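Just so it is clear, the structure is predicted and the values come from calculations on it, not from any experiment. Below, chain A is the first sequence line, B the second, and so on; all start at residue 1.
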Number of protein chains: 2
Amino acid sequence: MLLSKSSVYGIRASLYLAAHNRGQYNSIREVSEELDISFHFLTKILQNLTADNLMESYKGPNGGIRLSAKGRKATLLDVVIAIDGPDLFVECALGLPGCGSSDPCPLHNNWAMVREGIKDMLARTTLEEMAKEGKANKFRITPDGHFSWQ
Amino acid sequence: MLLSKSSVYGIRASLYLAAHNRGQYNSIREVSEELDISFHFLTKILQNLTADNLMESYKGPNGGIRLSAKGRKATLLDVVIAIDGPDLFVECALGLPGCGSSDPCPLHNNWAMVREGIKDMLARTTLEEMAKEGKANKFRITPDGHFSWQ
DNA sequence: ATTATTTAAGAGTTTAATGTCTTTAATATA
DNA sequence: TATATTAAAGACATTAAACTCTTAAATAAT
Ligand code: SF4
Ligand code: SF4
């Protein structure tokens, strides 16, 4: 898999939050049930996003989680980096020790292009814009069935 | 990591064999030492490649492993598929259940392009051609230091 | 104040990838 | 035939990713 499960769950949750109840808190329980993701696991993942100030959380009744202003302007790339770190966008294809662009392996230049392609894919639009497009195009972010962009 | 360790080791071993002693058998011990890969682990990985007829093995004194005719014409893509299967080149970005190009997620089209980019990178040239280019450009496939394209 | 609701924190479990070790089978050479 | 050399096969161990469970802390409502 290109992205870790944690990143994929983080992305789906971010898109869900970008599309729902802007400004309000959504409980992690609700998000986990809508997206069919383990509640405790999702909680852990979202903690990375609040630690990176992409989200804000609030404890207690009617508490939950929401995108911060920074989070609404953020892209999926920011989400992935907050969760899994920048490795995927830095590391090389063959992982040879002591390697670099001088004295390269046969994949070096091609790989740099592909890696940029992955980055571009994730950095194309902000979560805010994605929610708009999602509404317009009815893109899916949940398992079969129940989901509405409201 | 984009590719599994098994695939990376398989790629490096394939390139090594493409560059060395064409037609002869190289012992897995030698390959593992030159490339700094665990001997037993590499043995397991290469078994996938012989099972897929990309390599031929021979037991006993002076035995070892070599690229088959098919293997010399194969690409890194064939190596990766023989080791890890075609998943990476088939699977989708977000892994939503019951998903497809109708009713897509926001990444669907971009992801298809990126995935082709990865495939192209690995399918660009045959192992045989790569060995030639390797010699011409002195590309690296081993850890620091000892390696010659002969 | 007490209780209920919610996230945070952290320990623990399971599963899959990675890596090691031992035994077996094939082959060459003496 | 006996011994050495090599890959194949498979059991075993370690590590990291993925997932679960329990307790603590914050907050709201009664
Ligand atoms: S040449 Fe580039 S891609 Fe290849 S191993 Fe070195 S750093 Fe990685
Ligand atoms: S729309 Fe395409 S990329 Fe997105 S989850 Fe579905 S199949 Fe995967």
Side-chain angles (χ1 to χ4, degrees), chain A residues 1-13 17 21 24-33 35-68 71 80 82-85 87-88 91 95, chain B residues 1-13 17 21 24-68 71 80 82-85 87-88 91 94-95:
Chain A
M1 255 210 334
L2 177 76
L3 301 171
S4 69
K5 291 249 183 180
S6 294
S7 277
V8 168
Y9 294 161
I11 286 175
R12 288 172 55 204
L17 290 173
N21 304 319
Q24 291 178 46
Y25 289 103
N26 293 81
S27 78
I28 299 179
R29 175 71 64 185
E30 173 205 319
V31 177
S32 76
E33 283 172 1
L35 299 184
D36 241 344
I37 300 170
S38 147
F39 166 72
H40 289 290
F41 194 26
L42 183 57
T43 297
K44 286 248 141 61
I45 293 164
L46 294 183
Q47 280 168 17
N48 293 313
L49 299 179
T50 56
D52 209 16
N53 294 118
L54 298 175
M55 296 193 179
E56 295 159 344
S57 68
Y58 197 82
K59 290 177 184 174
N62 304 314
I65 197 130
R66 69 181 179 198
L67 288 175
S68 67
V80 169
I83 293 170
D84 280 337
D87 280 7
L88 179 59
E91 74 190 0
Chain B
M1 252 211 333
L2 177 74
L3 300 171
S4 68
K5 291 251 183 178
S6 293
S7 278
V8 168
Y9 293 163
I11 285 175
R12 287 173 55 205
L17 290 174
N21 304 319
Q24 290 178 46
Y25 291 103
N26 294 82
S27 77
I28 299 179
R29 177 68 65 185
E30 173 204 320
V31 178
S32 76
E33 283 173 0
E34 285 295 317
L35 299 183
D36 242 341
I37 300 171
S38 147
F39 166 71
H40 290 291
F41 195 25
L42 184 58
T43 296
K44 286 245 143 55
I45 293 165
L46 294 184
Q47 280 167 18
N48 293 314
L49 300 179
T50 57
D52 209 15
N53 294 119
L54 297 175
M55 295 192 179
E56 295 159 344
S57 68
Y58 197 83
K59 291 177 183 172
N62 303 315
I65 197 131
R66 70 180 177 197
L67 287 176
S68 67
V80 169
I83 293 171
D84 280 336
D87 280 9
L88 179 60
E91 75 190 0
L94 293 193

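- Between the CZ atom of B:R29 and the C1' atom of D:dA4 there is a distance of 14 Å, given to the nearest Å.
- At whole-Å resolution of the value, OH in A:Y25 and P in D:dT27 are 10 Å apart.
- OP1 or OP2 of C:dA8 sits under 4.0 Å from a side-chain N or O of A:S57.
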N/O donor to acceptor pairs below 3.5 angstrom from side-chain atoms of residues 58-66 of chain B, sequence neighbours left out:
residue	atom	partner	partner atom	Å
B:R66	NE	B:E56	OE1	2.8
B:R66	NH1	B:G23	O	2.9
B:R66	NH2	B:Y25	OH	3.4
B:R66	NH2	B:E56	OE1	3.2

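- Distance from the side chain of A:S27 is smallest for C:dT6 among the nucleotides D:dA8, C:dT6, D:dT20.
- In terms of phosphate contacts, A:S38 brings no side-chain nitrogen or oxygen within less than 4.0 Å of OP1 or OP2 of D:dA18.
- Taking atom CG of A:L17 as the reference point, atom P of C:dT7 lies 11 Å away to the nearest angstrom.
- Side chains of B:I11 and B:L3 form a contact here, defined as non-hydrogen atoms less than 4.5 Å apart.
- Rounding to the nearest 0.5 Å gives a distance of 9.5 Å between OG of A:S38 and NZ of A:K44.
- If you take CD1 of A:I65 and C1' of D:dT27, they are 16 Å apart, rounded to a whole angstrom.
- The minimum heavy-atom distance between A:L49 and A:G10, with the atom names listed, is CD1-O, 4.4 Å.
- The CG atom of A:N26 sits 10.0 Å away from the CE atom of A:M55 when rounded to the nearest 0.5 Å.
- Note that the CD1 atom of B:I28 and the OG atom of B:S57 stand 7.5 Å from one another [nearest 0.5 Å].
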Polar atom pairs between nucleotides 16-18 of chain C and protein, under 3.5 Å, N or O only, would you list them?
residue	atom	partner	partner atom	Å
C:dT18	OP1	B:K5	N	3.2

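- Atom NE2 in A:H40 sits 13.0 Å away from atom CD1 in A:I45 (nearest 0.5 Å).
- For the pair A:N26 CG and C:dT7 C1', the interatomic distance rounds to 14 Å; values are reported in whole Å.
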Scoring nucleotides 9-14 of chain C by protein non-hydrogen atoms under 4.0 Å (B base, S sugar-phosphate only, - none) yields -BB---

Report all interatomic pairs (protein N or O, nucleotide N or O of nucleotides 28-30 of chain D) with separations under 3.5 Å.
residue	atom	partner	partner atom	Å
D:dA28	OP1	A:Y58	OH	2.6

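- Relative to the axis of its first five pairs, the axis of the last five pairs of the helix from C:dA1-D:dT30 to C:dA30-D:dT1 sits at 10°, rounded to 10 degrees.
- The distance between atom CD1 of A:I37 and atom P of D:dA18, rounded to the nearest whole Å, is 13 Å.
- Atom CD1 in B:I28 sits about 11 Å away from atom P in D:dA9, given to the nearest Å.
- Atom CD1 of B:I45 and atom C1' of C:dT20 are 13 Å apart (whole Å).
- For the side-chain contact (heavy atoms from CB on, under 4.5 Å) with B:S32, the lone residue among B:L42, B:L46, B:T43 that qualifies is B:L42.
- A:S7 and A:D84 make their closest contact through OG-OD2, 2.7 Å (heavy atoms, listed as atom of the first residue, atom of the second, distance).
- Contact record, A:A82 with A:D52: CB-OD2, 3.3 Å, taken as the closest heavy-atom pair.
- Residues forming a side chain to side chain contact (heavy atoms under 4.5 Å, CB included) with B:E91 (at least two apart in sequence, or on another chain): A:M1, B:D87, B:L88.
- B:L54 contributes atom CG, which lies 9.0 Å from atom CD1 of B:I83 (distance to the nearest 0.5 angstrom).
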